[in-house]
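Reviewing the structure listed below.
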Amino acid sequence: MWEERAERARREIAALAAGGMGLTELYASALAVVQREVPFEQGCWAGVDPDSLVMTSITNWRDWGVTAEYAARFAATEYAGKEPNRFAELSLRPQTVARISDAPHRDVAGSVRINDILKPLGLEHELRAAFRVDEACWGVGSIFREPGRDFSDREVEFLAAVTATLAAASRIAVRAEHAGRRAPVGPMIVIAGLHGELRAATAAAAAWLADVEDAAPGRFTMTLYSVVAHAHASASGTARARMRDARNNWVVLQASRLITGDDPEQMVVTVEPATTLDLATLLLAAYGVTAREQEVCLEVLSGSPTLEIARHLFISPHTVHDHLKSLFGKVGVGSRGELVAKLVA
């Protein structure tokens, strides 16, 4: 019976994506589909940059009035902590769904996320998932229950059965949101503290931040906390994420740890218009192209003719044509010119 329900849910989620929804609207509707079969009191799903897994959008089942301190602590546990079932770990497992009650007791007992963040909000049971397809993660999410009945094995299996569809739908939403828009003036610079708290910003950055907060309160704050926490945990001291802003422009956030100054925990976060390469690689991944097809496409975007592409990639012109044919089919175009327009317009 649950297999039939899972198949119905997959069809509904696929239909939502086909309707051209953006990611936030898609997740709000998909949460309702899942909630019908797996009841929960609260849910939080996020779109992520597939390269860094930095959260770039947040969709809650209902408003839970969390504070900036909550968001900062959550980001720190997710990207820099040793929490059970972190999304970065889930995205690499054969099974990308995990129930907190299945984690080792010592890990749960020491979990900041569970004991210091969720339980004070009246939430005890957690079921989380990474939305992965073609080895790339496009979204992550958790659903929660209050003390009492835990998520059953069947409910875990149900969510596992729809995660690939959620990932595919997320890719479609990323493609649907792509549109030609005037790029913002950049770069814009933000100085953030250890946990991502805003300390200073250039005038351009302050105006941009105000636009984002007006359009989607809290959206940039969570992304800022996430990219800063990721940078702190990174050996390189940097992290980046591609996201949409309030005017539907693609921008790139990069957090870099300062190595001088009075406060070594400060982060410099730059916000710049996404380059052609930034956007093209994201969209090509969203269209499900192979690594070699992406290489061929990037050569096309640089203006290289077939013979040059063949020479640069050490393949035959015939193979180049085969890759182009596959690219055209996946992106839904019929020529090189249409391909370029679809990706960078």
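Under the 6.0 Å distance and 45° angle rule, R5 does not count as a cation-pi partner of F158.
A 4.5 Å side-chain heavy-atom check between V48 and C137 finds at least one atom pair inside the cut-off. A 4.5 Å side-chain heavy-atom check between E124 and L118 finds every atom pair outside the cut-off. You'll find the side chain of R242 stays beyond 4.5 Å of the side chain of T56, heavy atoms only. Side-chain atoms of R292 and T319, non-hydrogen and from C-beta on, never get closer than 4.5 Å to each other. Between L31 and T59, some side-chain heavy-atom pair lies under the 4.5 Å cut-off. At least one side-chain heavy atom of L282 sits under 4.5 Å from a side-chain heavy atom of P50. Side-chain contact between L127 and F40 is absent, with no heavy-atom pair separated by less than 4.5 Å. The side-chain heavy atoms of E299 and H323, taken from C-beta on, include no pair separated by under 4.5 Å.
Taken together through direct or relayed side-chain contacts under 4.5 Å among Ile, Leu, Val, Met, Phe, Trp and Tyr, W64 and I114 form part of one hydrophobic cluster. No continuous path of ILVMFWY side-chain contacts below 4.5 Å connects L283 to V252, so the two sit in separate hydrophobic clusters. Side-chain heavy atoms closer than 4.5 Å link hydrophobic residues (I, L, V, M, F, W, Y) into clusters, and following such links, possibly through other members, connects L277 to V300.
Side-chain atoms of T281 come within 3.5 Å of backbone atoms of D278 as a donor-acceptor pair (strictly under, hydrogens ignored). Judged by distance alone, with hydrogens and angles left aside, the side-chain atoms of K342 form no donor-acceptor pair with the main-chain N or O of V333 at under 3.5 Å. Of the possible polar contacts, one joining the T96 side chain to the A130 backbone as a donor-acceptor pair under 3.5 Å is found. When atom types are taken as modelled, the side chain of D134 and the backbone of A136 share no donor-acceptor pair closer than 3.5 angstrom. For the pair E338 (side chain) and G334 (backbone), a donor-acceptor distance under 3.5 Å is present. Judged purely by atom type and a 3.5 angstrom limit, R257 uses its side chain to pair as donor or acceptor with the backbone of H232. Of the possible donor and acceptor atoms, none in the side chain of Q95 sits under 3.5 Å from a partner among the backbone N and O of A160.
One distance of note links NZ of K330 with CG of L284; it measures 10.0 Å at 0.5 Å rounding. How far CD of Q266 is from OG of S256: 13.0 Å, rounded to the nearest 0.5 Å. For the atom pair CD1 of I309 and OG of S316, the computed distance is 12.0 Å after rounding to the nearest 0.5 Å. Taking CD of E126 as the reference point, atom CZ of F144 lies at 5.0 Å (rounded to 0.5 Å). Of the inter-residue distances, the one linking F328 atom CZ with H321 atom NE2 reads 9.5 Å to the nearest 0.5 angstrom. Summarising the geometry, atom CG belonging to D49 is positioned 11.5 Å from atom OG belonging to S226; distances are rounded to the nearest 0.5 Å.
A salt bridge links E7 with R11: at least one charged nitrogen is closer than 4.0 Å to a carboxylate oxygen. By the 4.0 Å N-to-carboxylate-O rule, R86 lies close enough to E89 to be salt-bridged with it.
Between W45 and F131, the ring-plane angle classifies as perpendicular under the 30° and 60° cut-offs.
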Point to revise | side-chain hydrogen bond (donor to acceptor under 3.5 Å, both in side chains) between N85 and R113, intermediate numbers included | key: CA-CA 11 Å; N85 301 331; R113 183 178 81 248; over 6 Å; no
- [ ] Go through the steps to decide whether T290 and S326 satisfy the test side-chain contact (heavy atoms from CB on, under 4.5 Å), and finish with yes or no.
- [x] CA-CA 10 Å; T290 66; S326 178; over 6 Å; no
Could you check D322 against K325 for side-chain contact (heavy atoms from CB on, under 4.5 Å), going step by step and ending with a plain yes or no? CA-CA 5 Å; D322 286 343; K325 183 178 179 180; 5.6 Å; no
field: Worked check of side-chain contact (heavy atoms from CB on, under 4.5 Å) between V38 and R145
entry: CA-CA 10 Å; V38 184; R145 281 180 179 162; 4.2 Å; yes
- Decide yes or no on side-chain hydrogen bond (donor to acceptor under 3.5 Å, both in side chains) for T306 and R336, but give the supporting numbers first. CA-CA 11 Å; T306 298; R336 292 186 182 212; 2.5 Å; yes
What do the steps show when you test C297 against V289 for side-chain contact (heavy atoms from CB on, under 4.5 Å), and what is the final call? CA-CA 10 Å; C297 187; V289 307; over 6 Å; no
Apply side-chain hydrogen bond (donor to acceptor under 3.5 Å, both in side chains) to residues S111 and E83 and explain how you reach the verdict. CA-CA 6 Å; S111 170; E83 291 289 307; 2.5 Å; yes
Inset, instruction - Could you go through the side-chain hydrogen bond (donor to acceptor under 3.5 Å, both in side chains) check for D245 and W208 one step at a time? - result: CA-CA 8 Å; D245 69 6; W208 183 84; 3.0 Å; yes
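Between N115 and A109, the shortest heavy-atom distance links the atoms ND2-O, 3.2 Å. Annotation for Y79 and A233: closest pair O-CB, 3.2 Å, computed over non-hydrogen atoms. Pairing each heavy atom of R99 with each of S152, the nearest pair is NH1-C, 3.3 Å. Residues G20 and A176 share a closest heavy-atom pair of O-CB, 4.2 Å. Nearest heavy atoms, Y27 versus S170: OH-OG, 2.7 Å. Across every non-hydrogen atom of S57 and T24, the tightest pair is CB-OG1, 4.3 Å.
Around the CZ atom of R106, the shell of radius 6.0 Å holds no more than 12 heavy atoms that belong to other residues, nucleotides or ligands.
A side-chain contact (heavy atoms from CB on, under 4.5 Å) with M55 is found for exactly one of V140, V227, T223, namely V140.
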